[in-house]
Amino acid sequence: HPHLYNIEFTVLDKLAEAAKKYEVFAAMNLCNYKMIDFALNHPAEVLAYACKHDYPHLVEECCEYALQQPLSFMLKLLPPHLRMAWAFYHEQFVDAWTVSFDMHEKGHNTLNIYGDTGQECSEWKTFRGDLASSASRRRMILVLSDVKRYFEDFQAMKPSRCCRDVLDRWKAMLDTSLKDIKPFRSFI
């Protein structure tokens, strides 16, 4: 039987559809696993294929890559019956970021060895601005897909103790919000 090492996506897509149509089970299985390799560069197409043929593991696998695409891009490429589901799924991530970001808009007081000094931390505005700028450059969804690494990057900048404490609380809040996010298949 043929190998699929250097197959182009357009060929794989047609082969996968044909294998499914004619129920060539060995080819269906092989195409299904090969589709994962294309989830990064063709997230909407792979997601549509996975939904159409009810491959839940493939749906979950490519959602991470699909979330990295702009919402408008995904809505153009997804078939009509998946567009609303994708919009609802995507909105959960936007809400998680917005709520957590807004809650950390205000400054906080500095700390010393005796506790709260009662003076506003001058570092936070700059630090929060850097966080916001980085999140918008890397797309907020990417930040949410790897919250731990994102906050570790900022911890490496050696913020003051008070800012570290706020960052830890912010990360914990995002982690909790992300655990509450429903999987995409629940909207289908």
Side-chain angles (χ1 to χ4, degrees), residues 1-101 134-153 170-188:
H1 67 279
H3 66 80
L4 301 178
Y5 297 124
N6 296 321
I7 194 168
E8 292 180 19
F9 179 74
T10 53
V11 175
L12 177 64
D13 191 35
K14 290 176 185 171
L15 178 62
E17 289 297 333
K20 189 72 174 173
K21 179 179 180 180
Y22 295 107
E23 296 183 344
V24 181
F25 296 108
M28 287 167 49
N29 194 33
L30 189 58
C31 289
N32 185 8
Y33 285 106
K34 189 65 179 169
M35 280 285 184
I36 292 170
D37 296 342
F38 289 98
L40 178 62
N41 294 320
H42 300 276
E45 297 93 331
V46 174
L47 184 60
Y49 165 83
C51 291
K52 178 180 179 182
H53 299 298
D54 194 27
Y55 293 126
H57 69 284
L58 187 55
V59 168
E60 293 308 312
E61 182 78 28
C62 67
C63 276
E64 178 182 339
Y65 301 113
L67 279 169
Q68 296 174 20
Q69 304 301 319
L71 179 60
S72 59
F73 173 81
M74 289 299 295
L75 294 178
K76 278 187 235 173
L77 290 180
L78 284 172
H81 71 281
L82 295 178
R83 289 178 185 155
M84 189 64 74
W86 186 258
F88 285 135
Y89 178 67
H90 185 274
E91 187 69 16
Q92 294 178 107
F93 288 90
V94 172
D95 288 347
W97 177 258
T98 303
V99 166
S100 74
F101 198 74
S134 177
S136 64
R137 274 187 267 120
R138 296 167 73 184
R139 291 198 186 110
M140 146 295 287
I141 298 292
L142 289 174
V143 171
L144 294 174
S145 68
D146 196 356
V147 169
K148 182 179 182 215
R149 185 176 56 82
Y150 180 72
F151 279 95
E152 283 173 354
D153 289 349
W170 192 348
K171 181 186 172 300
M173 180 183 186
L174 276 174
D175 285 339
T176 300
S177 295
L178 292 174
K179 286 177 186 166
D180 293 338
I181 287 180
K182 296 175 188 168
F184 174 63
R185 67 180 177 274
S186 71
F187 296 101
I188 300 174

Is there side-chain contact between [X] and [Y], with heavy atoms separated by less than 4.5 Å?
X: E45; Y: M35; value: no
X: C31; Y: N29; value: no
X: H42; Y: L77; value: no
X: E17; Y: Y49; value: yes
X: F184; Y: L47; value: yes
X: L71; Y: V94; value: no
X: L67; Y: W86; value: yes
X: W97; Y: L174; value: yes

Trace of the side chain to side chain contact (heavy atoms under 4.5 Å, CB included) decision for F93 with L178: CA-CA 8 Å; F93 288 90; L178 292 174; 4.1 Å; yes
Shortest non-hydrogen separation from [X] to [Y] and the atoms involved:
X: Y89; Y: C63; result: OH-CB, 3.8 Å
X: Y65; Y: L40; result: CD2-CD1, 3.4 Å
X: R83; Y: L78; result: NE-O, 3.0 Å

Rounded to the nearest 0.5 Å, how far apart are CE of M74 and CG of L82?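 Answer rounded to 0.5 Å: 9.0 Å.
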Pairing of K171 and D175 as salt bridge, 4.0 angstrom limit: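 So K171 pairs with D175 through a salt bridge.
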Give a yes or no on this: more than 12 heavy atoms of other residues, nucleotides or ligands lie within 6.0 Å of atom CZ of F73.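 For F73, atom CZ is crowded (more than 12 foreign heavy atoms under 6.0 Å).
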Would you please test Y33 and L58 for side chain to side chain contact (heavy atoms under 4.5 Å, CB included) and show each step? CA-CA 8 Å; Y33 285 106; L58 187 55; over 6 Å; no
Yes or no on side chain to side chain contact (heavy atoms under 4.5 Å, CB included) for S177 and V99, after CA distance, side-chain angles and deciding distance? CA-CA 9 Å; S177 295; V99 166; 5.9 Å; no
Can you list the steps and then say if Y55 with M28 is a side chain to side chain contact (heavy atoms under 4.5 Å, CB included)? CA-CA 11 Å; Y55 293 126; M28 287 167 49; 4.0 Å; yes
Taking the side chain from K34 and the backbone from L4, do they hold a donor-acceptor pair closer than 3.5 Å?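 Yes; judged by distance alone, with no hydrogens or angles, the pair exists.
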Please answer whether the main-chain N or O of K182 pairs with a side-chain N or O of Q92 as donor and acceptor at a distance below 3.5 Å.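 A pair under 3.5 Å: yes.
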